[in-house]
Amino acid sequence: MKIGIPRILLFYRYYPMWKAFFEALGLEVIPSSITNKEIVDLSIEKSVSEACIPIKLVYGHILDLKDKVDIIFLPRIVGLEYRTYMCPKFIGIPDMIRSVDLDIPPIIDPTIDKRNSLTGFFKGFFELGRFFTKNSLKILSAYMEGLKALKSYNEKLKREVTPLEILDGKNYEKDNFKIRIGIVGHCYEIYDEFISGGMIKILNRLGVKVLSMEMVDWKTILKEANVLPKKLFWTFGRELYGTARYFIRKSLVDGIIIVVAFGCGPDSLVRELIERDLTKPIDFPEITITVDEHSSELGLITRLEAFVDMLIRRK
Amino acid sequence: MKKFLGIDVGSVSTDIAIIDEKGNIIIGLYLRTAGDPIKAVKDGFFKIKSQFGSDLKIDGVGVTGSARFLIGAVVGADVIKNEITAHAVAGLHYNPKVQTIIEIGGQDSKIIIIRDGIVVDFAMNSVCAAGTGSFLDHQAQRLGIPIEEFGDVALRAQKPVRIAGRCTVFAESDMIHKQQLGHKREDILFGLCEALVRNYLSNVGRGKEILPPILFQGGVAANKGIKVAFERALGTEIIVPPYFSLMGAIGAGLLAQEANIRKSNFKGFDIVDQDITTRGFECKGCSNLCEITNIFIEGKLVARLGGRCGKWEDLEYNPSL
Ligand code: SF4
Ligand code: SF4
């Protein structure tokens, strides 16, 4: 049986784990294509226009898998930490997809919810495994395989390699960087080259070493966000804030780029918080790049170039 | 004395400046791009040639503006830089103490914040036309006033009208409304200036610390009404440099000088007599389907633009197309 995984949302965070898990259960895993024009066009046609671009792209990626697989994996990720939610759109995405007549293979959408119990993660995978086998032991050992794969993926990331390099097995970066920039944004924005306009490669070409949240231990990042007087109740907000604070406080970067999806309420709020608390008070260099399906590549290059020039001239 | 050529190719205007090592302007040209940047540059080169002859020696060429990659390839640029850096360099050259640069051109606007001679922050407007020159052109046309007189007429305003200027469409209908109410033309014009300034400050200037000295650059700086509206809104003097509309080109020239080039790549002013063509095609190498542009001079392929993967940059690469 072939299971398809859309290359969007938390793909960049969990794909190695999902792949190892399904393979251990004897499935063939097929990721959707890297976002291309056809996927984008289909996404815009089928999705609601108010959605943010990442959510829109889910439609196109699902359609890309349509004729290639028997079943599509689209987890309902409710929460990844204690009493904290994911973005509401994440929770609703399987239903949003089902509500449109896309003529696609069945979607399997286990609930992954760690809000109230430590075992929430495993429970989700167990529920998932039950679709394919009655053998609990087999599911357990597949889960262990998954964790192992995730661990080794995360270790590679800590060596400041980007998810794209690991997933594509390529090495894009050269060593002699003039400056370092931290990108603060969701993995599905930064590493989807349509959404980000290939930001990382543009920066690499300009002689910039790019750091992202994925290269730092997740727990460390979340701890970093605990300084906020009022706990943000969605994980993504904590991730962005924590990442920015960690990069700045540890002097890991010369400047930060905040990536905000057009129409994403949580993102724009966190951006204000980051500016107010972290960058403005100490004049730390920062720019915000808003992404949507209309972003122009030239506009992006101009902003990035100017930002890099500014950092180099500041040094 | 060494000479440097700076070109700023925007979507509305193409500006060309030749400067000496000290940054003094030897010649400055302001041309309409009219959708054909190559022709605009050729027209400019033609003028330079007829004034100085074709053996004017150029020691470095810098290109900026939205068509910088295309024109950079056509003329043989030594430096290709974004507009923010170019404007900042030119502004700093004119006034080393500058802390804020307001730049409003035909199709876009920017703010550059400088402290101690270094750019520390900037912003560009992305999509909205309500804060740019084309907005004013359009409204001037509607009121039957030549754009050159816009500012002078606006300054005669006694009771400026408040025009809701959040976006071009609203501003326009509000303006028509005010016209029908019988408001004077100059009052409406100055109201428009104030609307543009409000717009600029709340979009591009949002959250920026605007401190003097403030330079006002770009084509719109010709409009005295806007300058005064900025002065009133900010409560401080606004300086319009003498070559306000050429600052991008001057900056590009200064960047070429700064780059300390040994031998310039400049192809010379004679390219005006050459046949320069571009031909685009869609690469089907992968699903990105990039638009690739081939640039030919006298039928010979000299450069290629576009392509995310960079494989087309190698001019030898030539699969049967
Ligand atoms: S966090 Fe923002 S960008 Fe991400 S899915 Fe939710 S709304 Fe979209
Ligand atoms: S230029 Fe490169 S990235 Fe673009 S379509 Fe061709 S092969 Fe793909």
Side-chain angles (χ1 to χ4, degrees), chain A residues 32-42 60 64 168 170 172 193-194 196-202 204-206 255 262 271-272 274-276 279-280 282-292 294-315, chain B residues 9-11 64-70 79-89 92 101 103 107-108 110-127 203 206-209 248 251 255 258 282-291 305-310 313:
Chain A
S32 59
S33 313
I34 290 171
T35 308
N36 56 43
K37 273 210 174 120
E38 203 188 327
I39 293 184
V40 173
D41 291 346
L42 281 170
D64 179 73
D168 302 355
K170 287 182 199 148
Y172 298 122
E193 296 200 299
F194 170 75
S196 73
M199 192 182 292
I200 294 188
K201 284 183 200 159
I202 296 174
N204 287 166
R205 251 185 276 134
L206 294 172
F262 185 78
R271 175 208 162 181
E272 298 281 335
I274 293 175
E275 287 189 343
R276 195 195 65 194
T279 58
K280 284 265 154 75
I282 57 164
D283 274 327
F284 194 82
E286 174 261 299
I287 51 165
T288 300
I289 305 269
T290 305
V291 291
D292 69 3
H294 311 293
S295 318
S296 97
E297 197 173 341
L298 183 69
L300 177 72
I301 295 177
T302 302
R303 282 182 175 75
L304 294 178
E305 240 191 64
F307 189 59
V308 170
D309 276 352
M310 170 176 124
L311 296 182
I312 291 175
R313 280 170 184 260
R314 257 189 162 193
K315 274 208 143 177
Chain B
V9 230
S11 46
T64 185
S66 52
R68 61 185 180 275
F69 296 109
L70 171 69
V79 178
I80 298 179
K81 271 281 177 197
N82 63 84
E83 304 90 296
I84 304 271
T85 306
H87 272 280
V89 166
L92 277 164
I101 295 175
E103 197 271 342
Q107 290 260 291
D108 53 21
K110 327 172 177 48
I111 187 163
I112 308 172
I113 304 295
I114 298 173
R115 296 289 180 268
D116 302 321
I118 290 165
V119 176
V120 293
D121 199 5
F122 65 87
M124 284 166 76
N125 92 333
S126 29
V127 274
N203 294 329
R206 192 192 73 98
K208 304 275 181 269
E209 200 189 8
L255 282 161
E258 213 179 78
E282 189 173 73
C283 172
K284 300 213 165 49
C286 79
S287 52
N288 276 343
L289 303 178
C290 299
E291 278 299 328
L305 303 171
R308 284 199 169 177
C309 63
E313 273 155 36

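All chains are named by letter (A, B, ...) in the order of the sequence lines, taking the proteins before the strands, and each is independently numbered beginning at 1.
In terms of heavy atoms, B:Ser66 sits closest to A:Leu298 at O-CD2, 3.1 Å.
A:Arg276 pairs by the salt bridge (Lys or Arg N to Asp or Glu O under 4.0 Å) definition with nothing, not counting sequence neighbours. With sequence neighbours left out, B:Lys81 forms a salt bridge (Lys or Arg N to Asp or Glu O under 4.0 Å) with A:Asp309.
Proximity to chain B is limited to the backbone of A:Thr35, based on heavy atoms less than 4.5 angstrom apart. In this structure, chain A has a heavy atom under 4.5 Å from the side chain of B:Leu255, while its backbone stays farther away. Of the two parts of B:Arg115, neither the backbone nor the side chain holds a non-hydrogen atom closer than 4.5 Å to a non-hydrogen atom of chain A. Looking at A:Glu286, the atoms closer than 4.5 Å to chain B (heavy atoms on both sides) all sit in the backbone: N, CA, C or O. Looking at A:Ile287, the atoms closer than 4.5 Å to chain B (heavy atoms on both sides) all sit in the side chain, from C-beta outward.
No side-chain heavy atom of A:Met310 sits under 4.5 Å from any side-chain heavy atom of B:Ile113.
Other residues, nucleotides and ligands place no more than 12 heavy atoms under 6.0 Å from the CD atom of B:Glu209. Counting non-hydrogen atoms of other residues, nucleotides and ligands closer than 6.0 Å to CD of A:Glu38 gives a total of 12 or fewer.
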Could you please spell out the steps behind the side-chain contact (heavy atoms from CB on, under 4.5 Å) verdict for B:Thr85 and A:Glu305?
CA-CA 9 Å; B:Thr85 306; A:Glu305 240 191 64; 5.9 Å; no

Under the side-chain contact (heavy atoms from CB on, under 4.5 Å) criterion, do B:Arg68 and A:Ile301 qualify, and how do the steps go?
CA-CA 12 Å; B:Arg68 61 185 180 275; A:Ile301 295 177; 4.1 Å; yes

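For the set B:Val120, B:Thr64, B:Asp116, the count of heavy-atom pairs under 4.5 angstrom toward chain A peaks at B:Val120.
Note on B:Glu291 versus A:Lys37: no salt bridge recorded, every NZ/NE/NH1/NH2 to OD/OE distance being 4.0 Å or above.
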